[in-house]
Amino acid sequence: MRSSRLLLVTLRDEPAEAEIVSHRLLLRAGFIRRVSAGVYAYLPLMWRVLRKVSAIVRQEMETIGALEALLPQLQPAELWQRSGRWAGYTAGEGIMFHLQDRQGREMGLGPTHEEVVTALAADLLRSYRQLPVCVYQIQSKFRDEIRPRFGLMRAREFIMKDGYSFHADEACLRRAYAEMDGAYRRIFQRCGLRAVAVEADSGAIGGSASQEFMVTAEAGEDLILATPDGRYAANQERAVSLAPEAVPLPPQPCRELSTPGQETIDDLCEAHGFHPSQIVKVLLLLARFAEGAPQPVLVSLRGDQQLNAVKLANALQARVNDRGALLQVMPIEAEALGKEDLEPLPFGSLGPHLEDDQFAGARSWTPRLLRLTDATASALPSFVCGANRPGVHLVGATWQELGPTAATEALDLREAQAGDRCVADPSQRLEAARGIEVGHIFQLGRKYSEALGATFTTEQGEEQALWMGCYGIGVSRLAQAAVEQLHDAQGIRWPVSIAPFEVIIVIANIQDATQVTVAEALYENLRGLGVETLLDDRPERAGVKFKDADLVGIPFRVVVGRGAAAGEVEVVCRHGGDPETLAAAAAGDWLRERVRRERSGLLDDSLGGDP
RNA sequence: CGGGAUGUAGCGCAGCUUGGUAGCGCACUUCGUUCGGGACGAAGGGGCCGCAGGUUCGAAUCCUGUCAUCCCGACCA
């Protein structure tokens, strides 16, 4: 390909809309253009990168016997209603783009494909003899993100590889999951990325085991907590840890303490010399579900700990099973109580023993509290907490004294923090790092197959629901994550395996006929050798072309310049190292060898050559 | 959805306070010089000042509404 025909539009100025370096570089180097919020055009350079990433994904999926298919993006609501996810994905802040067709039928644009693929499995899979099966696809997904940002990192339309496996039993699912884990590690490695696998929350997908693959980068939206030896690593949403020991409260009979205006943990500690770990704090929240009445929730936590919203949501979903999907959890405020015709509550001095009577007359809420207690709070033998009267706290309270309503099962609801000790190995403390989630694999179990009636007949002639796994890779996100991890002040530094071109030939002076002749000959030579080559034949000054080459980030740059008359060219590696001067006639073979080595020896040549 | 900000040429921005025929840099076109790290000179082209109302003799500028985009938060496989 020739630069003059590449639709290469680079920007000298930083685009104002881009916040992180990878987004800026992709815009400046002419890889992407924004079409609307979270919706991007992949320009020819980007599309070549995405095709290369996809090719690696396809090869590794092929290796583990997965089958490529293509499922519809436009999906009927009915399927999602059967799995119970329609309301959760569309109501309120729903992430699913949905619409009505001209007949008034509800449709959604696929944010993922469990429903469609499970319905197909129900249709196609009848016997254990057909199992296991794994199908995958690479296509655009749609998610109406509340706040799209960072270019392709959190886009509303993006390219994803999603795969689904079907098994006769759980052991087989586990084997496939492990194989997929291996394939994912090879994919990220071959794309030149440093990625780590971490334990993850299964979230709205559901299921048991799940693991995320994170590209470590400062710009990452997720927080990873890991031990220094790397044997434990988890997303903070999921991470468990040992909380610091609480500072014991001196033994004392329970008494009231006047605390006017002291409404926060900090206020109490400052005024009375308490340590935050001596206080039980109470959060009042309202959980909204797809069906039925909103549920007021009282969460008790040790004062020095933070609530983990994901753990809370999982606990709520597990305990409230008559109202469909959990849609939203929000703090209860005074105004909301008023709308429910409820008496005001002494926010700031609430205690775990808050009476259900307070909610008895609610207009639309469930008239009693659901109480959840974090283990760090329930483990306190004696503590400070609100007295449920304005300006009064209790000191030396115990769970026994607060009564049976207050004491509930101890749960893990707290956020693990950097510095906490690791549960599996208390000699190690968790360290924090930021990561970009590029892949996620799940053992789904039978949730979807049961909901959608996807059953098969066992060897014994019994009808059972299929065991399922699902496996995602954000292809477009991965490509940008590579830029985030691999760039310098001059621009992008693509690994050879996913670079839009492998070699760029820069003609220093297009008016020098010798340079042009030498460059054209080398270009033909490289194309013949199957090396993906871009020839910068634009009538620009050399400096402009060098800057653009650095920005675009093609791994090998050949400069045909002053040495051309003597039959010499210069080769520069974008990843560093000194320029090398080579005989023009030998440069083709030299480059082919270098490129071949760095393709990881695995990428086939199907993308090679030029039209 | 709450808080904040911004919409003026393809990109980056000024002009708005104090209303009077829309500017700068880059990019683009032509010519000349230059030619190995984003050249120089000259001459050009390109904007319904986000959109809709209103005030005014007159609105990019003031007022109202609306849409869009970005940031923070909530939220989010």
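Letters go in sequence order (proteins before strands), and every chain restarts at 1. Computation of the quantities below employed the complete heavy-atom set of this structure, encompassing side-chain atoms and omitting hydrogens, waters and symmetry-equivalent molecules.
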Q.
Using atom P in both nucleotides, what's the gap between B/G7 and B/G50 to the nearest angstrom?
A. 8 Å
Q: Starting at atom CD of A/E17, determine the distance to atom P of B/C11, rounded to an integer number of angstrom.
A: 9 Å
Q: Find the distance A/K447:NZ to B/A77:P and express it as a whole number of Å.
A: 11 Å
Q: Grab the CD1-P distance between A/I332 and B/A74 for me, whole Å please.
A: 19 Å
**Q.** Pairs satisfying salt bridge (charged side-chain N to carboxylate O under 4.0 Å, His left out), at least one member in residues 311-321 of chain A, at least two apart
**A.** A/K311-A/D412, A/R319-A/E409
Q: Provide, to the nearest angstrom, the distance between the CZ atom belonging to A/R154 and the P atom belonging to B/C75.
A: 13 Å
Name the pairs: protein N/O against N/O of nucleotides 33-36 of chain B, kept only if under 3.5 Å.
{"from": "B/U34", "atom 1": "O2", "to": "A/R541", "atom 2": "NH1", "distance (Å)": "2.6"}
{"from": "B/C35", "atom 1": "O2'", "to": "A/N509", "atom 2": "ND2", "distance (Å)": "3.2"}
{"from": "B/C35", "atom 1": "N3", "to": "A/Q511", "atom 2": "OE1", "distance (Å)": "3.3"}
{"from": "B/C35", "atom 1": "N4", "to": "A/Q511", "atom 2": "OE1", "distance (Å)": "2.4"}
{"from": "B/C35", "atom 1": "N4", "to": "A/Q511", "atom 2": "NE2", "distance (Å)": "3.2"}
{"from": "B/G36", "atom 1": "OP1", "to": "A/R562", "atom 2": "NH2", "distance (Å)": "3.2"}
{"from": "B/G36", "atom 1": "O6", "to": "A/G561", "atom 2": "N", "distance (Å)": "3.4"}
{"from": "B/G36", "atom 1": "O6", "to": "A/R562", "atom 2": "N", "distance (Å)": "2.7"}
{"from": "B/G36", "atom 1": "N2", "to": "A/E570", "atom 2": "OE1", "distance (Å)": "3.2"}
{"from": "B/G36", "atom 1": "N2", "to": "A/E570", "atom 2": "OE2", "distance (Å)": "2.7"}

Q: With C1' as the reference atom in both, quote the distance from B/G46 to B/A9 in angstrom, rounded to an integer.
A: 6 Å
Q) B/U69, B/C11, B/C76: which one has an atom nearest the side-chain heavy atoms of A/I95? A) B/C76
**Q.** Pairing nucleotide - B/C35, Watson-Crick or G-U, each distance under 3.5 Å
**A.** none
Q: Go through B/C76, B/A39, B/G37 for me and flag the one nearest to the A/V544 side chain.
A: B/A39
Q.
The test is salt bridge (Lys or Arg N to Asp or Glu O under 4.0 Å); show your working for A/R5 and A/D537 and say whether it passes.
A. CA-CA 9 Å; A/R5 297 198 296 127; A/D537 58 341; over 6 Å; no
Q) Could you state the CZ-P distance from A/R33 to B/C11, rounded to the nearest angstrom? A) 7 Å
Q.
Taking B/C24 as the reference, what is the distance to B/C57 when you measure between their P atoms (whole Å, please)?
A. 33 Å
Q) If the C1' atom of B/C13 is compared with that of B/A27, how far apart are they to the nearest Å? A) 14 Å
Q. Given the rule in the ring pair (Phe, Tyr, Trp, His ring centres under 6.0 Å) test, do A/F213 and A/F188 qualify, once you have shown the distances and angles that lead to the verdict?
A. CA-CA 9 Å; A/F213 293 86; A/F188 301 129; 5.5 Å; yes
Q. Under 3.5 Å, is there a donor-acceptor pair between the A/H113 and A/Q73 side chains?
A. no
**Q.** Watson-Crick/G-U partner (both atom distances under 3.5 Å) of B/U18
**A.** none
Q | Spacing between A/R24 atom CZ and B/G12 atom C1', to the nearest angstrom | A | 14 Å
Q.
Say we look at B/G25 and B/A68: how far apart would their C1' atoms be, to the nearest angstrom?
A. 26 Å
Q. For the side chain of A/K547, counting heavy atoms from C-beta on, which of B/A77, B/U69, B/G37 is nearest?
A. B/G37
Q.
Please tell me whether A/Y89 and A/W80 form a close aromatic pair, meaning their ring centres lie under 6.0 Å apart.
A. yes
(Q) Checking A/Q480 against A/S22: is there a side-chain donor and acceptor pair closer than 3.5 Å? (A) yes
Q. Can you find a side-chain donor-acceptor pair between A/S210 and A/Q443 that sits under 3.5 Å?
A. no
Q. Going by the ring-ring contact (aromatic ring centres under 6.0 Å, His included) test, which pairs reach into residues 17-39 of chain A, not counting sequence neighbours?
A. A/H23-A/Y40, A/F31-A/W494
Q.
Categorize A/R28 for me: base, sugar-phosphate, or nothing, with a 4.0 angstrom heavy-atom threshold over every strand shown.
A. base
(Q) Closest-nucleotide mapping onto RNA chain B: is A/E14 or A/G38 further toward the 5' terminus? I mean the 5' end. (A) A/E14
Q) To the nearest angstrom, how far is A/L551 atom CG from B/G38 atom C1'? A) 10 Å
Q) From B/C71, B/C1, B/G12, pick the nucleotide closest to the side chain of A/A16? A) B/G12
Q) Between the base of B/C71 and the side chain of A/R149, is there any donor-acceptor pair under 3.5 Å? A) no
**Q.** Side-chain donor-acceptor contact under 3.5 Å, A/E115 with A/S83
**A.** yes
Q.
Regarding A/D512, tell me which of base, sugar-phosphate or nothing describes its non-hydrogen contacts under 4.0 Å with the strands shown.
A. nothing
Q. Tell me: CZ of A/F158 to P of B/A77, nearest whole Å?
A. 11 Å
Q) Is there a side-chain polar atom (N or O) of A/R12 under 4.0 Å from OP1 or OP2 of B/A27? A) yes
Q.
With rounding to the closest Å, how many angstrom separate the P atoms on B/A42 and B/G4?
A. 48 Å
**Q.** Nucleotide forming a Watson-Crick or wobble pair with B/C76, both distances under 3.5 Å
**A.** none
Q: Once you apply the 3.5 Å cut-off to both distances, tell me the Watson-Crick or G-U wobble partner of B/C62, or none.
A: B/G54
Q) Looking at the side chain of A/M160, which of B/A77, B/C11, B/U69 is the nearest nucleotide? A) B/A77
(Q) As a test of reading the structure: which of B/A77, B/C71, B/C70 is closest to the side chain of A/R143, going by heavy atoms? (A) B/A77
Q: Go through the steps for A/Q236 and A/D222 under the test side chain to side chain donor-acceptor pair (under 3.5 Å), then give the verdict.
A: CA-CA 8 Å; A/Q236 190 182 33; A/D222 289 285; over 6 Å; no
Q.
For the P atoms, the ones on B/U18 and on B/G23, what distance do you get once it is rounded to whole angstrom?
A. 24 Å
(Q) Any strand counts, and the cut-off is 3.5 Å on both contacts for Watson-Crick or G-U wobble. Which nucleotide pairs with B/C28? (A) B/G44
Q | Whole-Å C1' distance, B/C48 and B/U34 | A | 41 Å
